[in-house]
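Down below is the structure, laid out as structure tokens.
A quick note: this is a predicted structure, and the numbers were derived from the prediction, not measured. By convention in this document, chain letters (A, B, ...) are assigned in the order of the sequence lines, proteins followed by strands, and residues within each chain are numbered from 1.
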Amino acid sequence: MSIKIRYFASLKESLGRSEDTLLADGLASVREVWQQANPELVLPDRILVAINQDYASLNDQVNDGDEVAFFPPVTGG
Amino acid sequence: MSIKIRYFASLKESLGRSEDTLLADGLASVREVWQQANPELVLPDRILVAINQDYASLNDQVNDGDEVAFFPPVTGG
Amino acid sequence: MTVIVTEQSFDPWQEIQNYQNAANLLDGQVGATDVFIGTMRDFNDGSEVQAMTLEHYPGMTEKQLENSVAEARQQWQVLDALVIHRVGDIFPNEAIVLVAVWAAHRGDAFDACRYLMEALKTKAPFWKKERLISADSRWVKENTDGYKSAK
Amino acid sequence: MTVIVTEQSFDPWQEIQNYQNAANLLDGQVGATDVFIGTMRDFNDGSEVQAMTLEHYPGMTEKQLENSVAEARQQWQVLDALVIHRVGDIFPNEAIVLVAVWAAHRGDAFDACRYLMEALKTKAPFWKKERLISADSRWVKENTDGYKSAK
């Protein structure tokens, strides 16, 4: 399966990249997507996640073709 | 003592006048001002009163030279 | 802090801009502005309305509005406030009231603006008389809580 | 109901007028309009700020804002709503966000406008990065409850 990963704001800066494309089989959850893409990094506290531009939780299932995003607390307005 | 009385809106229309000047001694309260000025009329329910343009109650004391106003519930805004 | 009672029709957006410019309000401190505009509807309480006359108690009106502004400033961090209210003859779609509050933070702007509107509706001595399409006229009896009426 | 995310600076009062005219909103039904404007301050969290860059998640931003507008319409009687939010480089006194709600009654206009602002602050994927006078830059960590910060 293919997952597009996007990173934003301070997370993007600390990782040094804005996206990854993950090609892997048997990815179950958002948490596993992070671990595969960033094997040496613990997921930061208070990070928010979205699947296909809707908020999701770390245990939510991902599917082939999904866009998974990780980002810090939002600060608009 | 001299009291200037003012009436507004529907109360003014039903009385047929917008003000009275009351010259009388020993007026104690707003309620007595009404009774002197309108001896045959019971004070309508829910009427609001003001002394010198501040809200007051019917039992509040009036003094020489006061402006006393009677009016229905306000409906601005 | 300015309170205006006027017989002239006014463009609320233009008034806000003029006030903001004249008071030099945008000096880096304002983070939040809340503005409420009340406009005249052509339908009220089951009847079509063609015009309205707003009576008030000159002097007391301004005094009560200024009191309400002072009370709002005691409760919230307000940088400036503008209140404009029409009196006299008013027609549908015209602005009746404008309340604008400038603050550093949004909670203060929202709360103070709403407080001023509720205070105005319950304390400022204005009275609306509606002229109906049917050629009758009637005094508006009481202000509502601000939501759709039960009728 | 319109949601706009833009890199262009905008005059909030002009945008409201244009929208109101184009949508022909003043047709006798609107009794209450509540407008919130968020502007950039030159001081935040103890530091002087000279500029800000607003990053966002294109696509998700619009989707979340449209969801919030739909939620507001389910809860209150809203005739129309306009949300505009800046992204990119922003300077002090420029408008960051505009939320306008048109309704028949004031309770609905006030509540829906505030709901939209709070939803925007907590759900719409925008991130502010401040450039300080000191030449440092920093990400804003978290949105506040909208009142004066404790610092």
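Note: A:Gln53 leads A:Arg46, A:Gln53, A:Glu13, A:Lys12 in heavy-atom pairs under 4.5 Å with chain D. The candidate from D:Val99, D:Leu120, D:Val140 with the greatest count of non-hydrogen atom pairs under 4.5 Å with chain A is D:Val140. Between chain A and the options D:Arg86, D:Lys123, D:Met117, heavy-atom pairs under 4.5 Å are most frequent for D:Lys123.
For A:Tyr55 (side chain) and D:Gln64 (main-chain N/O), no donor-acceptor pair under 3.5 Å exists by modelled atom type. Checked by atom type and distance alone, the side chain of D:Lys141 never pairs as donor or acceptor with a backbone atom of A:Pro73 at under 3.5 Å. Judged by distance alone, with hydrogens and angles left aside, the side-chain atoms of D:Trp127 form a donor-acceptor pair with the main-chain N or O of A:Pro72 at under 3.5 Å.
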Decide yes or no on side chain to side chain contact (heavy atoms under 4.5 Å, CB included) for D:Met60 and A:Arg6, but give the supporting numbers first.
CA-CA 12 Å; D:Met60 181 166 174; A:Arg6 305 189 64 176; over 6 Å; no
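Proximity to chain A is limited to the backbone of D:Thr122, based on heavy atoms less than 4.5 angstrom apart. Contacts of D:Lys128 with chain A are made by both backbone and side-chain atoms, with heavy-atom separations under 4.5 Å. Contact of D:Glu142 with chain A is made through backbone and side chain together, with heavy-atom distances under 4.5 Å. D:Lys121 touches chain A through backbone and side chain together, each having a heavy atom under 4.5 Å away.
How far CD of D:Glu130 is from OG1 of A:Thr75: 8.5 Å, rounded to the nearest 0.5 Å.
Crowding of D:Arg73 atom CZ: a count of heavy atoms from other residues, nucleotides or ligands under 6.0 Å not exceeding 12.
What you find for A:Phe8 and D:Glu55 is that their closest heavy atoms are CD2-OE2, 3.4 Å. Between A:Asp54 and D:Asn67, the closest heavy-atom pair is OD1-ND2, 4.2 Å.
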